[in-house]
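Here's the structure we're looking at; comments come further down.
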Amino acid sequence: MHYPFASIEEKWQRHWADNATYRVSDDHSKPKYYVLDMFPYPSGAGLHIGHPEGYTATDIVSRFKRMCGFNVLHPMGFDAFGLPTERYSMTTGIHPSIATANNIETFKRQLNAIGFDYDWSREVNTTLPEYYRWTQWMFLMMYNSWFDRSVGKARHIDELPIPVDVTSAADIETYRDAHRLAYIAYSPVNWCEALGTVLANEEVDEWKEKGYTVERRPMRQWMLRITEYAERLLEDLTLLDWPSSTLEMQRHWIGKSQGAEVHFPVQDHEHTITVFTTRPDTLFGATYLVVAPEHPIVDHIVADAHRTDVLSYREVTALKSDLERTELSKVKTGVFTGAYAINPANGVAVPIWVADYVLAHYGTGAIMAVPGHDERDHEFATSFGLPIVQVVTPIDGSTADVAVSAFSDDGIGMSSENSHVSLNGLPTADAKSTIIAWLESSGAGKERTQYRLRDWLFSRQRYWGEPIPIMFFEDGTKRALEADELPLLLPDVAEFKPAGTGESPLATVESWVNFVDPKTGKKARLETNTMPQWAGSCWYYLRYCDPRNAEIFCASDAERYWMGKDGVDLYVGGGEHAVLHLLYARFWHKVLYDFGYVSTPEPFKRLFHQGLIMGEDGRKMSKSLGNVVNPDEVISAHGADALRLYEMFLGPLEASKPWNTTGIEGVTRFLNRTWRMIATEDGALSPAVQDVSLPNDSERVLHATIKKTREDVDALSFNTAIAQLMIFVNEFTKLEVRPRSAMMQYLQCLAPFAPHITEELWQILGCHGSIHTSSFPEYDASKLVLDEIEIVVQISSKIRGKVIAPLNADAATIASLARQDEAIAKHLENKEIVREIFVPNKLINFIVK
RNA sequence: GCAAGCGUGGCGGAACUGGCAGACGCACUGGACUCAAAAUCCAGCGGGGUCAAACCCGUGCGGGUUCGACUCCCGCCGCUUGCACCA
């Protein structure tokens, strides 16, 4: 017999909505707790079973913290700009705003059916003008600023010192453009003909997997200068309570490396090739240079006899994708330019090669090749018969044969000497600092820190995104919109196909690209690119703090209160966002921080990634595999409380775990037992529940349950908390008379997990008000202590028995009790005890001979 | 290839700073209730061994530290994720 979950859940969901039970208070006198979910992209497919996992986790924390007296902010919204909706509109002709509204409605219905405690009055939707107005405002903030390296922070563009030799208005503007945090660049991008758009590097694989062709093509793009923040993004990771793997991934993505740049004069030319190396100590072993095929110097230095070879090599590599250049080319390729450069350390002329194993976009796009001490250079030198020289020897005195393989470990310098400097005999670290000092004094180079991180490609050739609020005039000048001109609304169009020229559908809208700017009276064209989907999610957590403010994106008092000293207290979302979203949001936050709009250097103090829920077959859920579980069906069969409880009971939140249809029976049974423990079948109070005091053993179970629930919810160990709640029910259903107060406290422990059934039983118990606004029970540590305790007795570390002893009994007492035990005495017969190990309240171990 | 994480019954998973391995649940087996079934309740449930016990083995594999190792260290094997010529 099932408790009537369907009617109970509907009843309370309506009640909570009607009574605004979860309305967030603006009472700033209470301590705040901000718990955030990564908001969903409202796809047409609706909610899948993975969504409720992270959402249930934060819902539990949110309800728990509220019961603990915190003013809790647990908001929800929609990240609704994006390509899938635009593509849907292309085929159906339905406007993306309509499709988005429909999808959001479905999502909200499904979310509400699970009983989440969102305050919908704070909902955000990134596609509404009231919202994207501020996304545009933040873009302009970056456009109107530059990064002052001397103070390590952003400042207004008007404060950028203009060099004295820059005088004309046009030159000043050009100079400013070269420093803005948002700037235009012509850079090779991933162009997808079929999609009619460029893709971010991180998007390429996804679309290639779907069968699309992606090629590289230079195009005019907006970029954000995130690289200026590389050091701060790296350093501030230490402030965060994040999964170590995510911290590691971010560190790796930023990719800081320290070394030096070295200038190699090109023989018989005016040019100099600057290389970046992390091993300047191996400079004497540099036997050739390699420049990337795209490097502009190639045109200047290539010898006539080699020009054809070099140009055709460059053509071939241009057709290769990044993937092909790396993964497929196991064997390194390259061609000689015919030119030579002078190694500044020893004056030796070394050949300059072009090879695509050197990347144009990293470092200086050129390297000094040290085949003796770098595996890649060694491989290349071997295939092309270039000289290999040893300049480092192993620290342990052994010998390394660099003709056979590169010795890339640190070691001791050798054969590295000129008339000014010697690295011979120096350990690698000392050799590095010695050669850098020489490079700097001789002008041949200097110390340099290099980051792998690249500037953020911030434009997309799409309709369904935030318009970039910049206009261009016929005379070649441009102007950014003023704050009071925002939002720059997306024009209402009926056609969503790309212009086909590489521009977005906006390029075909007459009023967008051909109008007179009322402010200047000049003929103007608006930027046709829109922002990438990452934009709206860079700051939505701030909007939740003050979602309806029309004056500013978030008032500073609301920001100071909700973002407090740690920012978002708990942020839960998928590990797939470990790098990009989290890095981009941190970057925007830091810019806002530099201008004093936010009070913390980091937005998300504690981060947690929920694991994937797999299909019953252990594989990833997907429509094509037919192993998708639909949350609506689970709710109608077992109820929302069972769905919530089961997703949490499945295993640790961070783990990937398979769904199991029979497994949910277990939590359903548990909820039914909970019901029968307190109520009769027809919903009246069970006669077994009475106002009596608790027997000692039961009292201990109650307090243990409160303690475990409190601790496990804080640690997000929901599966073990639920196990303890099950133990409670197993214990208390045995009692013929069940104390009412214990029932109440139990329900309060269960309430964050199963909000509907607990609310109903709370009412049946005759309690007033919502259980969810009651105070979470406290436990009494003294009730948890046993008078007597079981002590394990070991003989030579093997368990041979157990004795019951008073709490905190000493070794002598335990030993004598143990000797009285027949089985133990037998093991001790004719044995000499050579040692006795005693752990209070745990065990005693007799080591015998 | 590099980096990180993980390997525990038939299954999902517990196990605090090293101290009774397998909590809790699923599945399964037996019993009670029932004309019968479902639901519910009770009992059992790592392997070997025994009438029963004693006892022996057991946390991917091999070693080590320790009175004592799922837990710490070293080396393998396997799985997952991320990065992938970043000089």
Return all side-chain donor-acceptor pairs below 3.5 angstrom for residues 789-798 of chain A, not counting sequence neighbours, or 'none' if the list is empty.
from: A:Q794; atom 1: OE1; to: A:N845; atom 2: ND2; distance (Å): 3.2
from: A:S796; atom 1: OG; to: A:V848; atom 2: N; distance (Å): 3.3
from: A:S797; atom 1: OG; to: A:N845; atom 2: ND2; distance (Å): 3.2

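Taking only distance into account, the side chain of A:K332 meets the base of B:C85 through a donor-acceptor pair shorter than 3.5 Å. If you check distances only, the side chain of A:E836 never reaches the base of B:C67 with a donor-acceptor pair under 3.5 Å.
The gap from the P atom of B:A15 to that of B:G25 amounts to 16 Å, rounded to the nearest Å. Nucleotides B:A37 and B:G44 are separated by 24 Å at their C1' atoms, to the nearest Å. Taking the C1' atoms as reference points, B:G47 lies 13 Å from B:G10, given to the whole Å. Spacing between B:C11 and B:C20 at atom C1', rounded to whole Å, works out to 25 Å. Comparing the P positions of B:U71 and B:G58 gives an interatomic distance of 13 Å, to the nearest angstrom. Across the P atoms, B:A21 and B:G31 are found 33 Å apart, a figure rounded to whole Å. B:A69 and B:G60: their P atoms are spaced 15 Å apart (whole Å). The gap from the P atom of B:G63 to that of B:C70 amounts to 15 Å, rounded to the nearest Å.
A:R800 comes within 4.0 angstrom of the backbone, heavy atoms only, and of no base. At a threshold of 4.0 angstrom between heavy atoms, the contacts of A:H609 with the nucleic acid are absent.
For the pair A:H609 (side chain) and A:G573 (backbone), a donor-acceptor distance under 3.5 Å is present. A distance-only check finds no donor-acceptor pair linking the side chain of A:D374 to the backbone of A:V370 [under 3.5 Å].
Taking only side-chain nitrogens and oxygens, A:R676 comes nearer than 4.0 Å to OP1 or OP2 of B:C41. Between B:A87 and A:Y362, a contact under 4.0 Å exists linking OP1 or OP2 to a side-chain N or O.
No hydrogens or angles considered: a donor-acceptor pair under 3.5 Å links the side chains of A:Y451 and A:E231. No hydrogens or angles considered: nothing links the side chains of A:Y3 and A:T674 as a donor-acceptor pair under 3.5 Å. Using modelled atom types, one finds a donor on one side chain and an acceptor on the other under 3.5 Å when comparing A:Y313 with A:T333. A donor-acceptor contact closer than 3.5 angstrom is absent between the side chains of A:H373 and A:S408.
The side chain of A:K657 has B:G12 as its nearest neighbour among B:G12, B:A87, B:C67. Of the listed nucleotides (B:A87, B:G19, B:A3), B:A87 has the atom at the smallest distance from the side chain of A:D374. Among the nucleotides B:C20, B:A27, B:A87, the one closest to the side chain of A:I799 is B:C20. Counting only heavy atoms from C-beta on, A:P652 has its side chain closest to B:G13 among B:C55, B:A4, B:G13. Considering only the side chain of A:N660, B:C26 comes nearest among B:C20, B:C26, B:C67. Proximity note for A:V792 (side chain, C-beta onward) versus B:C20, B:C24, B:C41: the nearest is B:C20. You'll find that the side chain of A:I727 is closest to B:A23, out of B:C83, B:A87, B:A23. Set against B:G19, B:A27, B:C55, the side chain of A:K842 has B:G19 as its closest nucleotide. Here B:C67 is the nucleotide among B:C67, B:A14, B:C26 with the atom lying nearest to any side-chain atom of A:R835. With distances taken from any side-chain atom of A:M249 to the nucleotides B:G82, B:G12, B:G13, the minimum falls on B:G82.
Rounded to the nearest 0.5 Å, atoms CD1 (A:I613) and OG (A:S656) are 9.5 Å apart. The line from CG of A:L240 to CD of A:Q250 is 8.0 Å long, rounded to the nearest 0.5 Å.
B:G22 takes the anti form, because its glycosidic angle lies more than 90° either side of 0.
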Please produce a list of atom pairs where a protein N or O lies less than 3.5 Å from an N or O of nucleotides 68-72 of chain B.
from: B:G68; atom 1: O4'; to: A:S797; atom 2: OG; distance (Å): 3.2

